[in-house]
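Structure record follows, encoded as structure tokens.
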Amino acid sequence: MSDKPKIIERFLEALQAFVRPVVQEWPLWCTILITLVPASWQSWEYHLRWFHELPVGVILSTVSNMSVVAVVATLVVWLVSRLPHRKVVKTLIYIVLLVQWLVALFLWRNFNTSYTPQVLQLLAETNSGESSEFLRTWITAHGTLRSLIIVAITLIMVLLGEHFRGRVTRWLSRTVPSLLTAILVGAMLLQGLWLGHKLVMPYHSLYDLELAETRYHSSDVISMLHASIETLKFQQQENAAAIDLAIKAATTGKVSCGADSIEVVLVIGESFNKWHSSLYGYALDTSPLMAAERDKGLLTVFTDAIAPYNLTSVTIKNMMSLNSLAAGESWHSKPMWPAVMRRAGWQVDMWDNQRDFMVGETFSASLNSFLFAPEIVERVYHAVNDTAFEFDGDLVKDYYDHCQSATRRLVIFHLMGQHTSYDARYPHTPEWEVWTTGDLPGATAPYLDARRRGIMLDYARATRYNDYVLASVIEHYRDRDAVVVMLSDHGEEVFDYRDFMERDHDPVKTAQMVRYENGIPLMVWCSPVYRERHPDRAAAVAGAAGRPWMSDGLGQMMLWLAMVDSQWNDSTRNVLHPSYRPSKRLVYDKIDYDSLMKNK
């Protein structure tokens, strides 16, 4: 019995020794945490500014983001406590932290961005003259002044902390406070080491990195800088090969076109859960205009189309390339098919409503650094939009207001579609604020409270607005020789079978998860003129509606519909061709989709 007090005493002594550097240098430790998680404070400010309830998720996210920084902060204070000239070293560290804090606030307040790949690339490419002009322009901006005030307040807090450091240290050294401090610091270090390992472990492709960033997201400065540097590295490797192939395809090689005058339109939607479309059996009439085109015999609705991934950037890269995932070909190993069409004499126009969307995220940088690389814009496209719009209908209207007709034209629309937040994807007018939560089918599951039913209602309304946008595109070609192809980058979960929305990036995939997140709508509309002039192709479209298909085969379909013949055409991969041979459909590079669905 006499040994127990000694064991407890030794345990407490060990805990105190563990946290002693943090306790002794608590102002420095806290300053590191505060100044290296700027994105977290942005979330707090948003919720507090609008008097929202501060969600538990925001608090937990902040603690998680701080955990990686806590590892660094603990190492720093441990080193500082053992170095000579401690005051000088600490002063230098404080200066570095406050300068970094000012830069982070400057980017956040003036440009709503952080240490993104674009920012790092811009810094690398900017010369001293451009830097001076930039600083002169922004030094007196409102955001800059607010940043300076926040840094000044932070400096005052640091000085006060250092002034009262001894008193607080003595209090924290007591048994109970030191025990609580040890538990808190220990928990953060364990979380930080685990999360840091997941974020900085070596990755072999931009897709792997993007998946890790999505799954283990941390918005601290250290993680963001690492992700941005890695993103730039992979972009340089993958994009260089893809851009080179695209330029060659657009400028060299034997290509022919069997039509003198035809227009082809591709509409790429976003996060479209096809099971929430009345075209695919949803009880609410969310696709009345497309149903009307189907009933006229002009629209073919494909029933077994899927996307290989549930991430926008990698699915669209594979859509735009002529590669085959079943053959093990990466998207950057084959040219993009719009470049082949340009070589065949087509005008290629790209109107993208996501070009400026979430530019700080890895997925946005990954996709746009290729689609809108200067060489691609110059050598593949004839026209691109320079303005994004709140609603997709305005994007479509902008294109037809500004672009002249062409003999052979390919138009690519990339919509915001039903991208979260769903309530922001349709105009809040009586025309679109149809139905109530009581009209929702299957909304009786116990987890579907009022908030979740409201989200489902917003998704239904956004889907109906998307139907209107598609109809507005079709209407422009009603009396022209044209074909319109419409599909989504990936699907989405909207509380369909469990208490979950958006997309799940867990490596373990279930049949239900893949059904909703990878199943996509695919529709092909042939104008009356197209059907009359090319009856064999219109009949082939209608006859292919039930064939299994994956969106990496889009390019083969588009070339055939446009009657473009090149060395890259492969009729066995063209779902509309009699020679079509379905390949094994691998989702996430390794899961056999059809086997998964069969064995569910």
| task | Evaluate the ring planes of H276 and Y282, with Trp represented by its six-membered ring, and classify them as parallel (under 30°), tilted (30 to 60°) or perpendicular (over 60°). | result |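 Rings of H276 and Y282: parallel, as their planes differ by under 30°.
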| Is there a donor-acceptor contact under 3.5 Å from the side chain of R531 to the main chain of C526? |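 Looks like no, no N/O pair under 3.5 Å.
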Check the side chains of [Y] and [X] for a donor-acceptor pair under 3.5 angstrom, ignoring hydrogens and angles.
X    : Y    : answer
S369 : N239 : yes
Y309 : N318 : no
H402 : N385 : no
D304 : W549 : no
D392 : N466 : no

Salt-bridge present ([X], [Y]; N to O < 4.0 Å):
X    : Y    : value
E493 : R503 : no
K334 : E329 : yes
R478 : E293 : yes
D592 : R585 : no
R408 : E263 : no

Can the ring centroids of [X] and [Y] be said to lie less than 6.0 angstrom from one another?
X    : Y    : result
W331 : F370 : yes
W432 : Y465 : yes
F391 : Y426 : no

| request: Kindly indicate whether a cation-pi arrangement holds for R355 with F372, taking the cut-offs as under 6.0 Å to the six-membered ring centre and within 45° of the axis. | output: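 Output yes; distance and angle both within limits.
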| query | Is the NZ or CZ atom of K509 both under 6.0 Å from the centre of the six-membered ring of Y588 and within 45° of that ring's axis? | reply |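 Because its charged atom sits under 6.0 Å from the ring centre and within 45° of the axis, K509 does stack over Y588.
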| query | Which residue pairs pass the salt bridge (Lys or Arg N to Asp or Glu O under 4.0 Å) test when at least one of the two sits in residues 552-569, sequence neighbours left out? | reply |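 Listed by first then second residue: D552-R573.
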| field | Interatomic spacing from CD in Q347 to CG in D349 - rounded to 0.5 Å | value |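 Answer for the CD-CG pair, Q347 versus D349, is 4.5 Å.
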| request: Any chance you could measure T572, atom OG1, to Q556, atom CD, to the nearest 0.5 Å? | output: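 Reported to 0.5 Å precision, the distance equals 7.5 Å.
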| message | If we check side-chain hydrogen bond (donor to acceptor under 3.5 Å, both in side chains) with D489, which of these qualifies: T315, T312, N310? | response |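 One option only clears the test, and that one is T312.
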| query | When you look at CZ of F302, are more than 12 heavy atoms from neighbouring residues, nucleotides or ligands closer to it than 6.0 Å? | reply |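 More than 12 heavy atoms, drawn from other residues, nucleotides or ligands, come within 6.0 Å of this atom.
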Mind listing the side-chain donor-acceptor pairs of residues 248-255 below 3.5 Å, one per line with the distance, residues two or more places apart or on another chain?
residue : atom : partner : partner atom : Å
K248    : NZ   : D244    : OD2          : 3.4
T251    : OG1  : I247    : O            : 2.6
T252    : OG1  : K248    : O            : 2.7

